[in-house]
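Notes follow the structure.
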Amino acid sequence: MTTNRLISILIPIISVILGLIAGAIIMLISGHNPIEGYAALWNGAFGDQYTLGETIRRTTPYIFTGLAVAFAFRSGLFNIGAEGQVMVGWLAAVWVGLAVDAPMYIHLPLALITAAAAGAVWGFVPGLLKAKLGVHEVIVTIMMNYIALYSMNAIIRNVLTEKKTTTAEIHGSASLASEWLQSITYFSRMHYGILIALFAAIIMWFIIQRTSIGYELKAVGFNRHASKYAGMNVSKNIILSMVIAGAFAGLGGAMEGLGTYGTVSVMSGFTNLGFDGIAVALLGGNNAFGVVLAAILFGALKEGAGQMPTGAGVPTELVDIIIALIILFVASSYIIRWALLRFKKEGK
Amino acid sequence: MEYVIEMLNIRKEFPGVVANDDITMQVKKGEIHALLGENGAGKSTLMNVLFGLYQPEKGEIRINNERVNITNPNIANDLGIGMVHQHFMLVEPFTVTQNIILGSEPTRKSGKIDIKRAEKEIRELSDRYGLKVDPTAKISDISVGMQQRVEILKTLYRGANILIFDEPTAVLTPQEIKELIEIMHALIREGKSIILITHKLKEIMEVCDRCTVMRKGKGIGTVDVKDTNVNELASLMVGRKVSFTTEKTLANPKEVVLQIADLFVKDTRKVELVKGLNLEIKAGEIVGIAGIDGNGQTELIEALTGLTKAESGTIKLRGKPITNLKPRKVTESGIGHIPQDRHKYGLVLDYPIGENMVLQTYYKEPFSKGTILNYKEIYKKATELIQEYDVRTPSAYTKASALSGGNQQKAIIGREIDRSPDLLIAAQPTRGLDVGAIEFIHKRLIEERDKGRAILLVSFELDEIMDVSDRIAVMFDGEVVAELNPEQTNEQELGLLMAGSQVNGAGENQ
């Protein structure tokens, strides 16, 4: 059992290393210096307080979307809808931030709760359809993503503004931004959201590992028949899983709305926060703390990529290729597992 | 006498266990050779070594007196070794022919599969061995017994001379078993050799020539079947004396616990399978349901336990109606259920065995307080049950999937009995288990009866029904067609009733 556990920790790590090596080879082939490239990437992510702050800022929503995908996955559901759940959460948070006037201790929690609720509703619909009618959640969540995108754009244009593309700035009483955090990070956009994100990870761990709710959710994910036999309400658990997952993603949207930007804008396409969440969850082994680590990696790669063109002349697209390769290696974990076992056998 | 297969001094280790410790097995040409052992004795490991799935640490394999090195199943195939797996490896929507040729398709010059030629060849093979398989039938349309024959044909089509049957009768009806035995004899007549992996002693006595016995990874020896008897084989296998007739005192039935009146149930395809069933079970008795698979037994159990809704009729437990309650309410009202399919229903295989022990009670004190689980209490209870029911597992934290079938079943039985239900439903409780485990389970059922529980036993094994029940209810076409005293009936009468014929007006007798 311990070897299995070790292997499941080693696989993502080896995948990351293989991804970076493959990235280095691509840099070499395309005539760039990989050492310079990775140095620029590192400096871009962790080089000084500013980049560190920005890396943390980028990590925050990834933690939420990673949790949203991982949580649903633990009960056997594939939540491709984190993307839409992020957008409705973002919109709801900004809406409350604009429309309500209240002291911070009411306003901020209200905005966060509304965002979570909006995401939860977006998770509830596919959950309900899956539980009652057997409609596959992948199809419904993809559709819900588009509904979220276009509804959001319509509401921004027609309700929150008068035919503008960006809303006004939210009231300070709903903002997660922190002058103190900004000041110690050379005015990065880092905000208090990271604390909420880490707290959310602990919540997920707690629900999954320590409560009878988690016991049911996992049982339903592993074996629906046995769960029904044991008297669990399978439909309820499917819906609950999607609702909680949606709430996590909705909060991820609130991080952008209340923390990073303070506004919400009309979008021509998806934010990709939700889609990247799938990769974060996969890399993190659908485990709450794994998700946090994977989110940090994603945050760092995406932030550090900004330095690569100026620092080493490497195009930012290369970082996307490296991320894609890492995911590829994680997805083909079977091969790594096989190699590890073989290696172990020969070493014995 | 020459041997077709010799496995000499085979040793195979897994981390922490020696699965095969110096095993020798020699199979003569043209014989049916049994490989007997309890679950977990190492039979499958030995056969997987022969089939090239595992490499032994020590020992050699000789085929027709030539030393061979079987490093993968393709080599085993080339050497004429074919395996008929217990769990069939068939593609359901494909036809018999498509399944058989899969992987070695005969093609025409154009590269198109020559299905006509394959069908012809398969029909010839089928006729030669009396298999009566229709090469054009779809797998999903044919019975389990037929599917097994397709597996046999698959090995023959690939030119197997040595056929390994892994627990072939576990999934068959008594009639199908008879036919399988004939097929085996036909195979031998055509010069094939057979290795039969089993723990059913009666079958060995009936069909096998010689028998190699394994116990806990060690080879106990090979005996000539004609020089031995069931009792000797059983004690060789288990390592102690085994009693076959379940010892029990006369039942002392008391008040009625379960009352089923005029019950109608449809299956998932909306076909009515239980049609106006009436049955009563009293405290302190075991009622055995005898019947051929598919006569409504599964649907009856599902309706009793709340897994399926009844169309009409009433079910009362100690006078209180429980018809169409949710499974949780049924469990809480005092029903324990040992499900027919332990992997599908009985266990969450990916959970540790310890957490499986509280599958219906995890939300109650002391296992949870509010919604917070108390793992200490859960594992305390689990450890108790594991000890009491002799569940052999490295620890309570081991995944349920890592346990052998017998130990999984003991765990389920422990869990269900421990809740002290008024009614215990045991569906095929000993399916696929070895004699030691069967003995244990039967003893437990009788103990529970003596404590005053009502027990409903559903089994396709007539021996089990005859041995364990205090009253037999024969189910045919969704109804109880006869209730009999096991002392006053015999297999023949039961068999006829199960097939739907009325015997001496026995229809309604008590």
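So you know, we letter chains A, B, ... as the sequences are listed, proteins then strands, and number each from 1.
- Side-chain atoms of B/Val257 and B/Arg453, non-hydrogen and from C-beta on, never get closer than 4.5 Å to each other.
- Using a 4.5 Å heavy-atom threshold, the side chains of A/Gln85 and A/Glu83 count as separate.
- A/Ile208 contributes atom CD1, which lies 5.5 Å from atom CZ of A/Arg74 (distance to the nearest 0.5 angstrom).
- Using non-hydrogen atoms only and a strict 4.5 Å limit, the part of residues 327-348 of chain B facing chain A consists of B/Pro327, B/Arg328, B/His337, B/Pro339, B/His343, B/Lys344, B/Tyr345, B/Gly346, B/Leu347, B/Val348.
- Taking non-hydrogen atoms and a 4.5 Å limit, the residue list of residues 221-238 of chain A in contact with chain B, ordered by number, reads A/Phe222, A/Asn223, A/His225, A/Ala226, A/Lys228, A/Tyr229, A/Ala230, A/Gly231, A/Met232.
- The contact list for residues 303-310 of chain B toward chain A, using heavy atoms and a distance under 4.5 Å, reads B/Leu307 by residue number.
- In terms of non-hydrogen atom pairs under 4.5 Å with chain A, the most contact-rich of B/Thr371, B/Val358, B/Leu349, B/Asp350 is B/Thr371.
- Residues A/Asn79 and A/Glu137 form no side-chain contact, since every pair of their non-hydrogen atoms from C-beta on lies 4.5 Å or further apart.
- With contacts defined as side-chain heavy-atom distances shorter than 4.5 Å, the pair A/Ile196/A/Met255 qualifies.
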Practice task
Using the ring-ring contact (aromatic ring centres under 6.0 Å, His included) rule, take A/Tyr215 and B/Tyr363 through it: C-alpha gap first, then chi angles, then the decisive distance, then the call.
Solution key: CA-CA 9 Å; A/Tyr215 182 87; B/Tyr363 59 94; 9.8 Å; no
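- Taking the centre and axis of the six-membered ring of B/Tyr379, the NZ or CZ atom of B/Lys381 falls outside the cone set by 45° and 6.0 Å.
- The stretch residues 405-424 of chain B places B/Arg415, B/Glu416 near chain A, each with some heavy atom under 4.5 Å from a heavy atom of that chain.
- Across all their heavy atoms, B/Ala427 and B/Ile301 have their closest contact at CB-CD1, 3.6 Å.
- The shortest distance between side-chain heavy atoms of A/Phe206 and A/Met204 does not fall below 4.5 Å.
- Taking the six-membered ring for Trp, B/Tyr397 and B/Tyr351 have ring centres at least 6.0 Å apart.
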Practice task
In sequence, state the C-alpha distance, the side-chain angles, and the governing distance for A/Phe124 and A/Ile239, and then conclude on side chain to side chain contact (heavy atoms under 4.5 Å, CB included).
Solution key: CA-CA 6 Å; A/Phe124 173 77; A/Ile239 296 171; 3.4 Å; yes
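- If you tally non-hydrogen atom pairs under 4.5 Å between each of B/Ile372, B/Asn356, B/Thr361 and chain A, the highest count goes to B/Ile372.
- Between A/Ile80 and A/Phe78, some side-chain heavy-atom pair lies under the 4.5 Å cut-off.
- For the pair B/Glu299 and B/Lys266, the salt-bridge criterion is not met [side-chain N within less than 4.0 Å of a carboxylate O].
- Using a cutoff of 4.0 Å between basic side-chain nitrogens and carboxylate oxygens, B/Glu57 and B/Arg11 are not scored as salt-bridged.
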Exercise for the section: Under the side chain to side chain contact (heavy atoms under 4.5 Å, CB included) rule, what do A/Leu283 and A/Phe298 come out as? Steps first, then yes or no, please. Expected result: CA-CA 10 Å; A/Leu283 190 62; A/Phe298 266 66; 3.9 Å; yes
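- Interface remark: B/Tyr375 contributes side-chain atoms only to the contact with chain A (heavy atom separation under 4.5 Å).
- Considering all non-hydrogen atoms of both residues, B/Val274 and B/Leu263 come closest at CG1-O, 3.3 Å.
- Checked for salt-bridge contact, A/Glu216 and A/Lys218 miss the test: no charged N lies under 4.0 Å from a carboxylate O.
- Within the 4.5 Å cutoff, the side chain of A/Leu240 has heavy atoms near those of the A/Ile244 side chain.
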